[in-house]
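FYI, side chains are in, hydrogens and waters are out, and symmetry mates aren't considered; it's all heavy atoms of this structure.
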Amino acid sequence: MGRFVECADRRQDFLLPASLDDYVSEDNPVRAVDAFIDALDLKALGFAGMTPAETGRPAYHPATMLKIYLYGYLNRVQSSRRLEREAGRNIELMWLAGRLAPDFKTIANFRQANGAAIRAVCSQFIGLCRQLNLFTRAVVAIDGSKMKAVNNRDKNYTAAKVQSRMKQVQDNIDRYLEELDRADREESDIAEPKAARLKEKIGRLRDQMRALEAREEEVRLAPDQQVSLTDPDARAMTSAGRGTSIVGYNLQAAVDAQHHLIVAHELLNIGSDRAQLSTMAAKAKQAMGVDVLDAIADKGYFKGEEIRACEGIGVTAFVPRPLTSGAKARGRFGKQDFVYVEQENIYRCPAGERLIYRYTSVEADMTLHSYWTSNCQTCALHDQCTTGKERRIKRWEHEAVVEAMGRRLDRKPEAMRIRRQTVEHPFGTLKAWMGSTHFLMKTLKNVRTEVSLHILAYNLKRLIAIFGVQPLIAAMQT
């Protein structure tokens with residue numbers, strides 16, 4: 001085989017056996033995993049099994065199990081059965097676990113029993129990043145993404161879905177009954193077997209109808225009128241981009257704009273993002289250890305109360321206001337066409353008229369001030385403005401907070417570009433790592449543990465890219 005690289009002879013004997021350490025280079029990420037976990041105080045973090053039992057078979061140390069899992073999530077091997085196989089054939093994992101190869105049940109039980117401790121490790125890693133002075137910019141982008149659960153859409157029920165499926169079943173029953181009537185009128189030799197098949201199908205459909213009626217009652221009694229059979233905590237969530245829905249969870253993340261580290265995250269089974277801005281911003285601010293923070297989010301997070309809450313905790317929000325004016329959609333002037341004059345506490349309309357303050361009301365726990373003018377009916381622009389006697393404008397008592405944010409966005413037009421470049425890439429990376437079914441575990445508590453392992457692996461890989469393996473190990477040991 002001339003002119004080709006020659007392979008080694010499998011039967012070649014060596015004077016001394018090769019060391020596992022010889023197969024793991026100095027810049028291999030597995031060394032960073034080993035150094036990070038060895039530096040943790042696992043007992044203080046709450047890991048079970050830190051004190052071994054005096055009798056029975058010896059247990060695996062939690063550090064070994066955590067190393068196996070972190071290595072697995074770094075390399076897209078999340079399944080406990082696959083991790084069991086890798087522990088017996090993967091040289092890197094043999095080096096990391098010291099040739100220990102727990103069975104899949106032991107591996108799975110560790111993840112399920114130590115959810116809170118694993119989430120604490122994820123938080124501790126952000127503390128390490130803070131010690132390395134990686135958050136000097138104090139800017140985060142906040143976003144949410146819908147992640148698939150193991151629950152199939154056909155195993156998720158809402159009141160609308162149950163009604164739709166019941167209608168489909170009833171339509172099929174009616175169609176088969178008509179076919180049965182036609183078969184009864186036929187005198188051919190196939191009429192009798194055909195009628196038997198139709199009766200069997202009708203029987204199965206009626207069984208389905210009875211099951212759907214029972215499911216309808218179950219959905220009606222559920223707190224949020226939704227039932228998932230495989231994963232009871234998974235919920236159907238609409239996706240605005242595709243106009244479809246998935247059954248899963250809503251992963252909220254705050255990502256540092258300087259190094260793209262996920263500094264805070266939360267997994268919810270609520271599809272809407274509107275009430276999450278101040279909560280995620282507060283978590284990010286605490287995790288980064290900063291006094292003030294800029295938080296950028298898309299218009300799905302716009303809510304006046306949330307923006308005001310951010311101001312109260314030292315967070316400057318940048319959220320574009322969605323254009324949801326019904327009048328604008330129908331070709332009339334929207335509220336944005338009316339200018340508020342703070343000194344006079346009036347609104348000025350497109351025709352130049354002054355809309356003065358009239359009264360205060362409370363709607364949906366919000367205090368609103370109403371403004372209008374008595375000159376609307378004689379105005380030349382009346383039909384472009386309203387279909388009633390006069391156009392009324394309502395102003396929230398804390399509207400100035402929202403208007404100040406609008407001016408900040410005008411002065412910082414690059415904010416939305418920073419948001420896209422910062423927060424959307426981590427979500428794409430995580431989904432690629434997870435595969436077509438994003439989660440392997442069930443229930444909100446367990447899936448939160450799985451998310452923390454994914455994010456811990458993502459952040460570790462980011463830190464290795466920033467520092468390199470050996471400098472990062474040196475930083476961890478100081």
Side-chain angles (χ1 to χ4, degrees), residues 76 78-82 104 108 111-112 115 144-180 196-252 266-273 300 427-428 430-451 453-454:
R76 309 186 193 184
Q78 299 99 30
S79 162
S80 58
R81 292 180 184 270
R82 291 179 63 197
F104 75 90
R111 179 172 56 184
Q112 191 164 11
S145 185
K146 311 302 187 296
M147 316 291 278
K148 295 178 187 175
V150 294
N151 202 106
N152 189 281
R153 280 192 292 185
D154 291 339
K155 297 292 185 180
N156 172 265
Y157 295 89
T158 63
K161 280 185 181 180
V162 172
Q163 288 295 324
S164 175
R165 292 177 191 177
M166 289 174 72
K167 184 179 182 304
Q168 290 175 359
V169 171
Q170 187 60 53
D171 290 345
N172 286 333
I173 291 174
D174 294 341
R175 180 164 55 84
Y176 287 142
L177 285 172
E178 290 177 4
E179 291 184 21
L180 185 60
R197 288 197 304 271
L198 288 171
K199 287 178 181 178
E200 184 181 349
K201 288 181 179 180
I202 291 169
R204 287 200 300 266
L205 287 170
R206 283 174 173 162
D207 289 341
Q208 287 184 33
M209 183 64 80
R210 284 190 288 271
L212 286 170
E213 287 171 353
R215 195 72 63 202
E216 184 179 34
E217 180 65 14
E218 189 178 347
V219 168
R220 188 183 67 80
L221 296 175
D224 58 352
Q225 283 72 58
Q226 191 170 160
V227 172
S228 295
L229 301 185
T230 309
D231 182 349
D233 291 338
R235 291 293 177 265
M237 298 183 182
T238 57
S239 175
R242 294 189 299 270
T244 59
S245 66
I246 65 168
V247 179
Y249 295 93
N250 182 2
L251 175 58
Q252 296 285 316
E266 186 59 72
L267 191 76
L268 310 168
N269 57 0
I270 301 169
S272 173
D273 296 334
F427 280 128
L430 289 173
K431 286 181 178 181
W433 287 1
M434 291 175 174
S436 58
T437 300
H438 295 146
F439 299 122
L440 302 178
M441 304 185 77
K442 302 172 188 176
T443 73
L444 185 60
K445 173 187 172 184
N446 291 332
V447 176
R448 279 175 172 163
T449 302
E450 198 174 352
V451 164
L453 282 167
H454 276 295

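- Here CE of Met237 is found 7.5 Å from CD1 of Ile246. Values are rounded to the nearest 0.5 Å.
- Remark: Arg165 pairs with no residue by the salt bridge (Lys or Arg N to Asp or Glu O under 4.0 Å) rule, at least two apart or across chains.
- Between the Asn151 side chain and the Asp231 main chain, a donor and an acceptor come within less than 3.5 Å of each other.
- Lys199 NZ to Leu180 CG: the interatomic distance, rounded to the nearest 0.5 Å, is 6.0 Å.
- Listed by chain and number, the residues in a salt bridge (Lys or Arg N to Asp or Glu O under 4.0 Å) with Asp154 amount to none (sequence neighbours excluded).
- The list of salt bridge (charged side-chain N to carboxylate O under 4.0 Å, His left out) pairs with a residue in residues 431-448, not counting sequence neighbours, reads Glu266-Arg448.
- Take Thr449 and apply the side chain to side chain donor-acceptor pair (under 3.5 Å) test, not counting sequence neighbours, and it matches Arg119.
- Qualifying side chain to side chain contact (heavy atoms under 4.5 Å, CB included) partners for Gln225, counting only residues two or more places apart in sequence or in other chains: Val219.
- A salt bridge is absent between Glu200 and Arg197: the closest approach of a Lys/Arg side-chain nitrogen to an acidic carboxylate oxygen does not fall below 4.0 angstrom.
- For residues 167-178, the salt bridge (charged side-chain N to carboxylate O under 4.0 Å, His left out) pairs, not counting sequence neighbours, are Lys167-Asp171, Arg175-Glu179.
- By the 4.5 Å heavy-atom criterion applied to side chains, Leu444 and Leu267 are counted as neighbours.
- Proximity of a side-chain donor or acceptor of Asn250 to a complementary backbone N or O of Ile270 within less than 3.5 Å is detected.
- Not counting sequence neighbours, the partners of Asp207 by the salt bridge (Lys or Arg N to Asp or Glu O under 4.0 Å) test are Arg210.
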Could you give the side-chain donor-acceptor pairs of residues 432-441 under 3.5 Å, partners two or more places apart or in another chain?
unit_1, atom_1, unit_2, atom_2, d
His438, ND1, Lys148, N, 2.8

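- Of all heavy-atom pairs between His454 and Leu430, the closest is O-CD2, 3.9 Å.
- Looking at Met147 and Val451, their side chains never come closer than 4.5 Å, going by heavy atoms from C-beta outward.
- The side chain to side chain contact (heavy atoms under 4.5 Å, CB included) search around Gln168 returns Ser164, not counting sequence neighbours.
- Every residue two or more places apart in sequence or in another chain was checked for a side chain to side chain contact (heavy atoms under 4.5 Å, CB included) with Ala211, and none qualifies.
- Heavy atoms from other residues, nucleotides or ligands lying under 6.0 Å from CZ of Arg204 number more than 12.
- Residues passing the side chain to side chain contact (heavy atoms under 4.5 Å, CB included) test with Gln208 are Val169, Leu205, sequence neighbours excluded.
- With hydrogens and angles ignored, the 3.5 Å screen pairs a side-chain donor or acceptor of Ser228 with a backbone N or O of Ala234.
- For Arg235, the salt bridge (Lys or Arg N to Asp or Glu O under 4.0 Å) partners at least two apart in sequence or on another chain are Asp224.
- The shortest non-hydrogen separation linking Tyr249 to Thr443 is OH-C, 3.6 Å.
- Checking each of Glu217, Glu213, Glu218 against Arg215 for a side chain to side chain donor-acceptor pair (under 3.5 Å) leaves exactly one that passes, namely Glu218.
- Minimum interatomic distance between Lys161 and Ala236 (heavy atoms only, all atoms of both residues): NZ-CB, 4.2 Å.
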